[in-house]
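Remarks on the structure that follows.
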Amino acid sequence: MLRYSQCPSCGARVQFRASSTLLMVCEYCQSTLLRSDVNLENLGKMAELLPDHSLLQIGSSGLYSGDGFSVIGRMQFEHSSGVWNSWHLLFDTGKTGWLSEASGTYTLSFEVLDGIPDLPLERCVPDLSVPIQGQRMSIIRIEEAQCIAGQGELSTAVPVGKTIHFVELAAAQHYASLEYQAGKAALYLGQAVALETLHLQNLRDIEQMAVRVTSRQLDCPSCAGSLPNRLERALTITCPHCATILDARNERIAVLIKQKKKLDQLHHLTIPLGSTGRFEKADFTVIGYLQRSSTWEGLTYYWEEFLLHHPGYGFRWLVCSQGHWNLLKPLVAAPVLSKDYSQGTLATLEKHRYRHFAKYNAKIDLVAGEFYWLVKAGDKASLEDYIAPPYLLSKETQGKEIQWSQGEYLTPEQVNTAFGEHLQLMQPQGVFANQPCPYTQSVSAWVSNTLLFMLLAIALHSWFVMQSREELVFNSIMQVNAVDSSDWSNYRTLNPETASLESEPFEIHTQHGNVVIKIDGALSNSWLFSSLTLVNLQNGLTYSSSREISDYSGYDGGEYWRENDSRAEVIFSAVPAGRYQLQVETESERSYSMSSAIKSQQIRVISNVPLWRNFWFLLAFLCIGPAIFYYHNSNFEQRRWALSDHPLNT
């Protein structure tokens, strides 16, 4: 139910929508009105809100978890990294909440009166795990800020000019904030949200909120040159004329550091400041540039970071290292970290599992453009990267703040297209941490197709096996007789022993089937060499081949040995049906003992035989494609992890 009253300062009609409203800022005269039932007490004028690019305004509405809400007020805070808004929301169910907006990220939270952790402010440090409402959450940021203004209906006294300490915690999509004021802590629980999921209406005109040169005219105190001012409330600006890094927190611009030696490099950036690129279906403007470096095993690696801004989507980082690009989005949430025996530390976020890649220290070498926080050359930070190609999670720790960012790999062609295809970008060198492996999909496709063809081959060969009768059409034992070595009258050392065989005619009934001739020898320290000819008695077509069998044994140094190769087979494929005869010519070495004179072989002719050898050859052939791509994929991953903290074992 709406309740109305009258501003005691200007007489304007004041509307109260929330029963929990304690303060009201009159939109006509900026008077701060203290509500006592329906009567209002004027506490004085409220400070003016600083201009910003927020899309939200009093009267905006939306939907969260099926519950409609309206924006009825806001508080504005200022800290070392800039300005943020906390928008007061009134839900259709009567409850109230806060939508915090900072640097293009949003969190929606509700005050919780029970379960506030007993955690003194002085004990709060980044990465500290704190039990809150039955779950462990990690501290990601410790801020000291001042409330500078308020607007609309508020459920708490506006502590204008007073210092408040904020301790932000996160775990997966869950978010918490501890607000310390006058020794007392207030707890707010919620989660990070995206504006598009809130179905917002009645927003400020996005065209009016576009990044533009504001009316604030700034001059460089070092060279007196005019300064660009694309980002309203920029805290750091680099002079384009002398490359001096300036503190722009107020009208009296202060010099942070001079980097005149870097001036020529700043004039030849890969992507010029002010360029507009289209990412995430929105136009982002390049407003800042950092060159950073890290030293590892005596080698220094450099990379570039471009700060992008859009009034509705906030800030993004476009990072280039050795020709590889990533578009990173700052996160409010923190991933869930866990340990895995085989993969090491894992980070889980939005159903993706990221493997720990590397931890390293980074230093800023060069600064250009405008930034919403104080930054200068020489600043250092600790970074950790987790990868799930093509995605990347980056954890940056600096001072009392941990900033998580989520990135996605981009090719130079994608970056060029985003900026209108006029950039001169270098080609990627080597393999980058989250660069997608070009062979992964090929391996998967080859494996899938190979398995499919293998199943077809198995089914087809099984059908052939079931259709095959394996008919025995000829079976005979062929004896190769030797002369008794005691009969010296027939002793001839130069002539080998020979034998021949011509089979009775037999029928092969299967048309174009496989015919197998199997040879099983009975030998002792001797060998047999056979020439085999299969003759079609109807048309004279012949099939010829030869095989040798042997069997030797003995003693060497008191140990028995044997080399047995007394079985062989000949395969004739696609033999037409008809009447056939087998002709065999066999020879062997001259025998000098009765043991070596034992020479015979069984010869069998089998028709309509399935050939397993061709089947195994086909399966091996089908595996060649996946094996090739698996090799390239493995080599790619070896190169990827070579520069990580966890190189793969070769």
Which heavy atom of [X] sits nearest a heavy atom of [Y], and at what distance?
X      : Y      : value
Ala347 : Leu337 : CB-CD2, 3.6 Å
Pro272 : Ser275 : O-OG, 2.7 Å
Pro412 : Gly323 : CG-O, 3.6 Å
Ile140 : Ala170 : CD1-CB, 4.0 Å
Pro626 : Thr450 : CG-OG1, 3.2 Å

Should Gln581 and Gln583 be marked as a side-chain hydrogen bond (donor to acceptor under 3.5 Å, both in side chains) after you check the CA-CA gap, both sets of side-chain angles, and the distance that decides it?
-> CA-CA 7 Å; Gln581 181 186 61; Gln583 300 174 359; 3.2 Å; yes
When rounded to the nearest 0.5 angstrom, what distance separates [atom1] in [X] from [atom2] in [Y]?
X      : Y      : atom1 : atom2 : value
Gln601 : Asp520 : CD    : CG    : 9.5 Å
Arg604 : Ile477 : CZ    : CD1   : 10.5 Å
Glu507 : Arg579 : CD    : CZ    : 5.0 Å
Glu471 : His509 : CD    : NE2   : 5.5 Å
Leu308 : Asp283 : CG    : CG    : 11.5 Å
Asn635 : Tyr630 : CG    : OH    : 12.0 Å

Judged by modelled atom types alone, do [X] and [Y] share a side-chain donor-acceptor pair under 3.5 Å?
X      : Y      : result
Ser382 : Glu396 : no
Ser293 : Thr300 : no
Ser588 : Lys599 : yes
Gln191 : Tyr64  : yes
Arg547 : Ser530 : no
Lys339 : Thr345 : yes
Asn326 : Asn434 : yes
Ser550 : Asp565 : no

Before giving the answer on side chain to side chain contact (heavy atoms under 4.5 Å, CB included), spell out for Arg278 and Phe284 the whole-Å C-alpha distance, their side-chain angles and the decisive distance to 0.1 Å.
-> CA-CA 6 Å; Arg278 190 161 185 80; Phe284 285 81; over 6 Å; no
Could you tell me whether [X] and [Y] have their ring centroids closer than 6.0 angstrom?
X      : Y      : value
Tyr354 : Tyr386 : no
Tyr552 : Trp561 : no
Tyr391 : His352 : yes

Below 4.0 angstrom, N of the basic side chain to O of the carboxylate: do Arg567 and Asp551 qualify?
->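 So Arg567 does not pair with Asp551 through a salt bridge.
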Check the surroundings of atom [atom1] in [X]: do more than 12 heavy atoms from other residues, nucleotides or ligands lie under 6.0 Å from it?
X      : atom1 : value
Asp556 : CG    : no
Trp616 : CH2   : no
Glu563 : CD    : no
Phe617 : CZ    : no

Check whether any side-chain N or O of [X] sits under 3.5 Å from a backbone N or O of [Y] as a donor-acceptor pair, and report yes or no.
X      : Y      : result
Gln435 : Phe432 : yes
Ser644 : His646 : yes
Asn361 : Leu383 : no
Ser546 : Ser531 : no

Residues forming a side chain to side chain donor-acceptor pair (under 3.5 Å) with Glu280, sequence neighbours excluded =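 Glu280 satisfies side chain to side chain donor-acceptor pair (under 3.5 Å) with Arg316 once adjacent residues are dropped.
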Hey, mind stepping through Glu304 and Thr270 against side-chain hydrogen bond (donor to acceptor under 3.5 Å, both in side chains) and telling me if it holds?
-> CA-CA 9 Å; Glu304 299 176 303; Thr270 306; 3.1 Å; yes
Would you call Ser394 and Leu328 a side-chain contact if the rule is heavy atoms closer than 4.5 Å?
->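 Yes, at least one pair of side-chain atoms sits under 4.5 Å.
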Steps toward side chain to side chain contact (heavy atoms under 4.5 Å, CB included) verdict (His356, Leu393) | CA-CA 9 Å; His356 185 269; Leu393 278 181; over 6 Å; no
Trace of the side chain to side chain contact (heavy atoms under 4.5 Å, CB included) decision for Trp317 with Leu307 = CA-CA 5 Å; Trp317 285 100; Leu307 179 61; 3.8 Å; yes
Determine, stepwise, if the pair Ile402 / Asp127 fulfils side chain to side chain contact (heavy atoms under 4.5 Å, CB included).
-> CA-CA 8 Å; Ile402 296 175; Asp127 260 346; 3.4 Å; yes
For Arg141, salt bridge (Lys or Arg N to Asp or Glu O under 4.0 Å) partners two or more places apart =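 Listed in chain order: Glu168, Glu401.
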Between Tyr439 and His632, what is the ring plane arrangement, given parallel below 30°, perpendicular above 60°, and tilted in between?
->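 Tyr439 vs His632 ring planes: parallel.
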Those residues that, when tested against Asp379, pass side-chain contact (heavy atoms from CB on, under 4.5 Å) (two or more places apart) |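 Result, side-chain contact (heavy atoms from CB on, under 4.5 Å) vs Asp379: Ile364, Val375, Lys376, Gln398.
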Assess whether side-chain hydrogen bond (donor to acceptor under 3.5 Å, both in side chains) is satisfied between Asn536 and Tyr543, documenting all intermediate values.
-> CA-CA 9 Å; Asn536 189 317; Tyr543 299 86; over 6 Å; no
